[in-house]
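All values below were derived from every heavy atom in this structure, side-chain atoms included, with hydrogens, water molecules and symmetry-related copies excluded.
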Amino acid sequence: MPKKKIETVTDDIIKEAAPKAEKKTPAKKTAGSTAKKTTAAKDTAPKAPAAKKAPAKKKAAPAVETAPVVEAAPAVEPIPAAEPAPVVEAAPVVEPAPVAEPAPVEEAAPVVEPAPVAEPAPVEEAAPVVEPAPVAEPAPVVELPQPRRSVAFIGSECYPFVKTGGLGDVMYALPRALAKLNCDVKVILPRYSCIPQKWQDKMIYRGSFMMDLCSDGRSFYVGIMEYVWDGVVYDFIDNQEFFSYGKPYTNLVDDIPRYCYFGKAALAALNYMDWIPDVIHCHDWQAGLVPIFLRTHFSTTPLASAKTVLTIHNLRFQGIYNIPTIQYWTNLPDYVFNKDALTQNWVDANMLKGGLTYCDMITTVSGTYAWEIQTPFFGEGLDAHLRYHAGKLRGIVNGIDVEQWDSRRDKLLPVPYGADNFLELKKANKLALQEQLGLEQNADKMVLGLISRLTDQKGLDLVNSILPALLDGNTQVVVLGTGDARYEESFRWFENNNKGSVCAYIAYDEALAHRIYAGADALLVPSLFEPCGLTQLIAMRYGTVPIVRETGGLKDTVEPYNQFTNGGNGFTFDRYDAGLLLDAVNRAKTLYFTGRWRWDEMVRRDMEKDVSWENSARHYRDLYLELKP
């Protein structure tokens, strides 16, 4: 019987609750409502999350517990009679119905929207900042070759301070490349008055002292000015008496004393700064006395532990003068003036020859040149001496500064270009070059470039011989450079008689050189001899096909075109003969006009060829380690 009582009480409660529920907003419905109320319950369903927020108030908590009951109601809808069961549990909840008025609290649901504040997830985006894991890029530092070696470069010129030829490029680029291979590098140069003021202003005074030099006890001031740039330390030897006039090279009468002074002052400066290198790398005859000074005047100093390397950039220049003069300016002992060291032809002293004798290693700027200079034709009188020292002779080909010579970023070009878009953009550079130099503007014509010192060594007599045969109406020739008057005049004559087809620009213009490399189709380098050569490397970098004689570095860097394999990166000839040069040019023209796709493939190969200093620097580093393991 108590069971009946419970049922009647339940019915009464339902009857009373129904009218109250009708008065309230559809936001809150009871489980005992009809199907009509069920639809309202559906409206409230999405607000359930707000009910979860209610826990902010302790009383709202029970209301949250009923939420699932409300959701259960729809499931019972088909059997309304069964509804009372859940209602029984809800009955106590009906009493706090007024508390259900926290429905407005549900309006605080928008406050729930601060949940986006949880978007501190962006803070996680700072994690990418943590991605300085790329800072793990010190990995390359770990990969740096070991052990570390210190090297002092001693030479007479260095770009951008002072430059007259290829030596200046080597003294600039090789130390920078070695610095990236874990070498501590110092470059020692004369402080010429012709060094631009902008560089002079950046030099810092490091110290000075007086140095004994001459056989009569005469001493001279040695000042040290320093400039640090791109990982390399540049020390300039300052003395107004020797370096305040003219260009680096004037005449032997003046040059012999200044480079006798410079060779000893460079070693004295290292001693003064207490910087003892593992290797002292000397360049050409201007530093040829350094190995001799090291083994005589500095034999009892800490510097004596250093090994010496002497690089021959051009054997034609040796620093030859009479023995008494060099004896006076060096105060070297008599025993070094013998036929196997400084003496040549019994009456002269040869500064380069003496250096070759006393140094620990000899290098040249290409492998082929190292072999050639041991023959009478290329040996310049030192072939027998070099054959005797062949055991310490090495050839390492030069590279070029690929940052300075980069057709993609060259601001001196009308239209920069690369290996992927040269077909159209190189043509635009050709048209701009033709317009600038007064040539007939026609992209279909083949442009041959010649950038050189105008001397016999560069094979210009061969060019003069074949130039009339080159001008066939489809070919144009551009010459840039200065030198011997006979060559300057002959090229001017060709220009005056072939307006629109020949341009002879008798001067040196850096910007125009860049534009010729970019605008020409091929570059002529028919040298009689060429220790290394940089023009053919720069030409390939700019997609200009080199036509060269197989000698020295030209042979080492240019692979002749092979029509059967479609390989190679230029055109070559072997013997020094005008007919062979003309034949090489005609082979190039035939491919250019009749097999253009093959020509374009060669251009692409040239532009992608690695001509940087990186490989050369590795060879030099290996050489230093051979001397100082």
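Cys282 SG to Leu356 CG: the interatomic distance, rounded to the nearest 0.5 Å, is 10.5 Å.
In terms of modelled atom types and a separation under 3.5 Å, the side chain of Asp254 and the main chain of Asn251 share no donor-acceptor contact. Looking at Trp285, its side chain never comes within 3.5 Å of a backbone N or O of Met351 through a donor-acceptor pair. Side-chain atoms of His619 never come within 3.5 Å of backbone atoms of Val397 as a donor-acceptor pair (strictly under, hydrogens ignored). A donor-acceptor contact shorter than 3.5 Å is absent between the side chain of Thr544 and the backbone of Met540. Not one N or O on the side chain of Arg394 forms a donor-acceptor pair closer than 3.5 Å with the backbone of Met361. A donor-acceptor distance shorter than 3.5 angstrom exists from the side chain of Tyr417 to the backbone of Tyr542, with no hydrogens or angles considered. Not one N or O on the side chain of His297 forms a donor-acceptor pair closer than 3.5 Å with the backbone of Leu213. No donor-acceptor pair under 3.5 Å is formed between the side chain of Asn569 and the backbone N or O of Val558. Side-chain N or O atoms of Tyr192 include one that pairs as donor or acceptor with a backbone N or O of Ser156 at under 3.5 Å. No donor-acceptor pair closer than 3.5 Å links the side chain of Thr368 to the backbone N or O of Asp556.
Side-chain contact between Leu352 and Leu315 is present, with at least one heavy-atom pair separated by less than 4.5 Å. Looking at heavy atoms from C-beta onward, Tyr505 lies out of side-chain contact with Val479 at the 4.5 angstrom threshold. Between His313 and Met171 the shortest side-chain heavy-atom distance does not fall below 4.5 Å. For the pair Val151 and Val309, the minimum side-chain heavy-atom distance is 4.5 Å or more. At least one side-chain heavy atom of Leu554 sits under 4.5 Å from a side-chain heavy atom of Gln536. Taking the side chain as every heavy atom from C-beta outward, Phe262 and Ile237 approach each other to under 4.5 Å. When side chains are defined from C-beta on, Val611 does not count as touching Ile538, because their heavy atoms never get closer than 4.5 Å. In this structure, the side chains of Leu450 and Leu480 stay at 4.5 Å or more apart for every pair of heavy atoms.
The aromatic rings of Tyr369 and Phe529 lie parallel to each other, their planes meeting at an angle below 30°, with 60° marking the opposite boundary. By the 30° and 60° cut-offs, the orientation of the rings of Phe161 relative to Phe236 is perpendicular. Using cut-offs of 30° and 60° for the angle between ring planes, the His283 and His281 rings count as parallel. Taking the six-membered ring where tryptophan is involved, the planes of Trp229 and Trp199 are tilted, since the angle between them lies from 30° to 60°.
By the 4.0 Å N-to-carboxylate-O rule, Asp410 lies too far from Arg515 to be salt-bridged with it. Under a 4.0 Å N-O distance rule, the pair Lys458/Glu530 qualifies as a salt bridge. Ion pairing of Lys353 with Glu380 is absent here, as no side-chain N (NZ or NE/NH1/NH2) approaches a carboxylate O to less than 4.0 Å. By the 4.0 Å N-to-carboxylate-O rule, Lys186 lies close enough to Asp235 to be salt-bridged with it. A salt bridge does not link Asp606 with Lys609: every distance from a Lys NZ or Arg NE/NH1/NH2 to an Asp or Glu carboxylate oxygen is 4.0 Å or more. A salt bridge is defined here as a Lys NZ or Arg NE, NH1 or NH2 lying under 4.0 Å from an Asp or Glu carboxylate O, and Lys163 with Glu157 fails to meet this definition. Salt-bridge check for Lys307 with Asp278: failed, with every basic side-chain N at 4.0 Å or more from each acidic carboxylate O. Between Asp401 and Arg176 there is a salt bridge, with a side-chain nitrogen of the basic residue lying less than 4.0 Å from a carboxylate oxygen of the acidic one.
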| said: Run Thr482 and Arg453 through side-chain contact (heavy atoms from CB on, under 4.5 Å) and show every step you take. | reply: CA-CA 6 Å; Thr482 60; Arg453 284 183 291 111; over 6 Å; no

| task | Please lay out, stage by stage, how Thr311 and Val365 fare under the test side-chain contact (heavy atoms from CB on, under 4.5 Å). | result | CA-CA 7 Å; Thr311 295; Val365 289; 4.2 Å; yes

| task | Begin with the C-alpha distance, continue with both residues' side-chain angles, and end with the deciding distance and a verdict on salt bridge (charged side-chain N to carboxylate O under 4.0 Å, His left out) for Asp406 and Lys411. | result | CA-CA 9 Å; Asp406 184 358; Lys411 296 179 181 178; over 6 Å; no

| message | Applying side-chain contact (heavy atoms from CB on, under 4.5 Å) to Phe209 and Ile224, what does each step give before you reach the verdict? | response | CA-CA 9 Å; Phe209 55 90; Ile224 305 171; 4.1 Å; yes

| query | Taking it one step at a time, do Ser407 and His514 satisfy side-chain hydrogen bond (donor to acceptor under 3.5 Å, both in side chains)? | reply | CA-CA 9 Å; Ser407 61; His514 284 246; over 6 Å; no

| task | For Arg541 and Ile400, run side-chain contact (heavy atoms from CB on, under 4.5 Å): C-alpha distance rounded to whole Å, both residues' side-chain angles, the deciding distance at 0.1 Å, then the answer. | result | CA-CA 9 Å; Arg541 178 85 172 148; Ile400 60 172; 4.2 Å; yes

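Nearest heavy-atom pair across Trp329 and Phe220 is CZ3-CZ, 3.8 Å. Here the closest non-hydrogen pair linking Ile451 and Thr535 is O-CG2, 3.7 Å. Val253 approaches Pro257 most closely through the heavy-atom pair O-CD, 3.1 Å. Between Ile195 and Gln200, the shortest heavy-atom contact is O-NE2, 3.4 Å. The minimum heavy-atom distance linking Ile547 with Ala522 is given by the pair CD1-CB, 3.9 Å. The shortest non-hydrogen separation linking Tyr272 to Gly207 is OH-CA, 3.7 Å.
The 12-atom threshold is not exceeded at OH of Tyr388, counting heavy atoms of other residues, nucleotides or ligands nearer than 6.0 Å. Annotation for Lys339: atom NZ does not count as buried by contact number, only 12 or fewer foreign heavy atoms lying within 6.0 Å. Other residues, nucleotides and ligands contribute only 12 or fewer heavy atoms inside 6.0 Å of the CZ atom of Arg409.
In this structure, Trp371 has its ring center no closer than 6.0 Å to that of Phe378. Ring to ring, Tyr261 and Phe242 are close: their centroids are under 6.0 angstrom apart.
Taking the centre and axis of the six-membered ring of Tyr245, the NZ or CZ atom of Arg258 falls inside the cone set by 45° and 6.0 Å.
The one candidate from Arg618, Arg149, Arg148 that meets the side-chain contact (heavy atoms from CB on, under 4.5 Å) condition with Leu181 is Arg618.
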